[in-house]
Novice: 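Shown below is the structure under consideration.
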2 protein chains.
Amino acid sequence: MSEGTTLSLDAATGTPPSILHIQVIDDLRGIITRGELAEGKRVPEAALCERLGVSRTPLREALKVLAAEGFVELRPNRGAVVVPIDSDAVAALFELKGAIEYMIGLKLPERITPAERAHIEAIQRRLVECQKRADASGYTLENHNFHAALAAGIRNDAVVQTYSTLQRKILRARLAINEDPSQLARSVDEHEGILTMLRAGAARDLAFRLEKHNRRTGEAILAQLRAKRA
Amino acid sequence: MSEGTTLSLDAATGTPPSILHIQVIDDLRGIITRGELAEGKRVPEAALCERLGVSRTPLREALKVLAAEGFVELRPNRGAVVVPIDSDAVAALFELKGAIEYMIGLKLPERITPAERAHIEAIQRRLVECQKRADASGYTLENHNFHAALAAGIRNDAVVQTYSTLQRKILRARLAINEDPSQLARSVDEHEGILTMLRAGAARDLAFRLEKHNRRTGEAILAQLRAKRA
DNA sequence: GATCCCAGTTTTGCATTCATTTTCTCCGCG
DNA sequence: CGCGGAGAAAATGAATGCAAAACTGGGATC
């Protein structure tokens with residue numbers, strides 16, 4: 001009935017599945033994130049209902065939530081449109097993410113548990129594997145896990161929630177471009193530096209490196225994004 | 001049909017009124033924020049429909065959005081409940097807000113326009129008036145405007161959006177306690193210091209003061225919150 | 001040839017209806 | 001007197017129905 005490649009970046013989000021509409025939210029967000037719905041284009045309810053196999057009620061509920069999240073825009077009496085990826089907006093997302101990651105870095109050393117740290121180290125090993133195999137999409141997924149795990153370590157629900165929202169929006173931009181595989185090595189290196197600081201408990205340096213990693217990644221993505229539109 | 005005291009902290013949020021359900025979202029969020037719906041209590045749809053003068057469809061759409069925002073929790077087949085104010089969660093909100101305000105402080109001097117600065121100064125004068133009159137609720141409102149104006153100054157939609165969401169949640173906690181009017185003077189003083197740094201263009205100091213103001217406010221509110229529950 | 005206008009069709013917003021699930025009530029039983 | 005359970009009543013999740021608003025495509029007009 002429904003899809004295979006869900007990207008499964010969800011899970012940690014919260015809210016117990018109140019059943020249908022939650023499913024639709026996730027499906028639709030996935031469809032938009034993967035770029036399967038042309039941005040700026042009108043989204044007819046009937047077609048989506050058919051595609052997702054639900055009636056209009058849960059679909060419309062989902063659209064309201066996605067509108068609140070900023071993935072679609074609801075124009076009264078004129079249907080929903082997929083919000084276009086705007087490089088200024090993406091830049092804004094990275095800027096905000098940088099501020100949050102800086103804070104995460106500052107507090108992480110004193111709050112993370114050994115188990116969590118081991119988990120992060122394991123993810124990093126998988127990232128290295130992906131990089132060796134030049135498996136960009138696997139890398140993207142594990143990279144999300146890496147940063148989500150860092151965020152989870154500070155034990156602050158508001159941060160985890162907000163961070164996850166930011167990541168989801170950024171993922172959309174990321175998938176809209178072809179990420180340069182040569183960047184993977186650099187990213188792995190930066191992660192290594194981050195882990196070194198985490199191991200050393202050097203909060204300030206960790207924060208600094210996280211912020212820098214974020215900024216560099218953001219700049220790379222923005223450059224490609226702007227190039228693509230030009 | 002609908003209420004007078006809307007607290008009107010909305011407005012800047014976005015999304016063009018797709019009509020009914022947006023109204024319901026705002027109304028219901030206001031009702032919850034003002035504590036008119038006992039926390040932890042089940043939210044009967046029928047009663048709310050009557051109160052708001054709408055049918056179940058837009059009400060349920062609104063509930064879905066508010067669930068995504070974290071104001072209510074949807075339990076499958078068992079209705080929605082108002083999410084209780086949890087002091088740990090409020091602490092988390094303040095921590096995140098601090099990180100964002102720090103970033104705002106760093107970037108504000110180089111981005112704010114003279115007009116915006118004048119606007120903020122005007123708000124501060126009104127805050128002084130409120131403080132003199134010991135008008136706590138007027139103060140709360142203008143205080144929100146003050147901080148929202150600072151956030152707006154950095155011209156980053158993601159920040160404005162996220163910041164506004166945080167403020168809304170914190171407001172709920174704030175209204176749940178009786179804020180000590182003697183704190184108003186201190187708050188005014190801190191604002192004055194913030195403005196001094198802003199005028200001087202001292203980004204680092206501005207960031208520091210904003211973060212400190214946030215932390216102090218948070219601690220005061222948390223103390224009262226914990227006292228109340230004990 | 002472009003523009004305007006007006007039926008006819010489609011699509012949307014919301015109310016209502018229907019099928020389940022849950023909750024309440026009340027009675028028998030231990 | 002408390003406990004458990006059958007059945008009734010109420011509430012929820014989702015589909016359908018209906019009125020109003022927006023598109024569509026001819027045809028007349030300039």
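In what follows, every chain begins at residue 1, and chains take the letters A, B, ... in the order their sequences are listed.
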Novice: Between atom CG in Leu74(B) and atom P in dA14(D), what is the gap in whole Å?
Specialist: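 For the pair Leu74(B) CG and dA14(D) P, the rounded distance is 10 Å.
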Novice: Given atom CD of Glu61(A) and atom P of dA15(C), what is their separation to the nearest angstrom?
Specialist: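 Value for this atom pair: 14 Å.
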Novice: Tell me: CD1 of Ile22(A) to P of dA14(D), nearest whole Å?
Specialist: 10 Å
Novice: Separation of Ile19(A) atom CD1 from dT21(C) atom P, in whole Å?
Specialist: 9 Å
Novice: How many whole angstroms separate atom CG of Leu63(A) from atom P of dT12(C)?
Specialist: 9 Å
Novice: Do the side chains of Glu95(B) and Lys107(A) get close enough for a salt bridge, i.e. N-O under 4.0 angstrom?
Specialist: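 Here Glu95(B) pairs with Lys107(A) in a salt bridge, since their nearest N and O are under 4.0 Å apart.
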Novice: Under 3.5 Å, side chain of Arg42(A) to main-chain N/O of Gly79(A), donor-acceptor pair present?
Specialist: no
Novice: Are Glu179(B) and Tyr139(B) close enough that a side-chain donor and a side-chain acceptor fall under 3.5 Å?
Specialist: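 Not at all, the side chains of Glu179(B) and Tyr139(B) share no donor-acceptor pair under 3.5 Å.
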Novice: Find out whether Arg29(A) and Arg172(A) are in side-chain contact, i.e. whether some heavy atom of one side chain is under 4.5 Å from a heavy atom of the other.
Specialist: no
Novice: Here's a test of your reading of the structure: between Gly79(A) and Thr57(A), which maps to the more 5' nucleotide of DNA chain C?
Specialist: Gly79(A)
Novice: Can you tell me how far C1' of dC14(C) sits from CG of Leu59(A), to the nearest Å?
Specialist: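 Whole-Å distance recorded here is 15 Å.
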Novice: Of the candidate nucleotides dA15(C), dT16(D), dT16(C), which contains the atom at the shortest distance from the side chain of Leu20(B)?
Specialist: dA15(C)
Novice: For Asn77(A) and dC18(D), give me the distance from atom CG to atom P, rounded to whole Å.
Specialist: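 Whole-Å distance recorded here is 20 Å.
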Novice: Examine dC23(D): is either OP1 or OP2 under 4.0 Å from a nitrogen or oxygen in the side chain of Arg78(A)? Give yes or no.
Specialist: yes
Novice: The side chain of Arg42(B) lies closest to which of these nucleotides: dT22(C), dT12(C), dA11(D)?
Specialist: dA11(D)
Novice: Check this for me: does the side-chain of Ser55(A) come within 3.5 Å of the base of dA14(D) through a donor and an acceptor?
Specialist: no
Novice: For the backbone of Thr113(B) and the side chain of Glu116(B), can you confirm whether one donor and one acceptor N or O come within less than 3.5 Å of each other?
Specialist: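 Checking the backbone N and O of Thr113(B) against the side chain of Glu116(B), a donor-acceptor pair under 3.5 Å is found.
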Novice: Please give, in whole Å, the distance from dA19(D) C1' to Arg56(A) CZ?
Specialist: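 Answer to the nearest Å: 12 Å.
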Novice: Can you tell which of dT12(D), dC14(C), dA14(D) lies closest to the side chain of Glu45(B)?
Specialist: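 For the Glu45(B) side chain, the nearest candidate turns out to be dT12(D).
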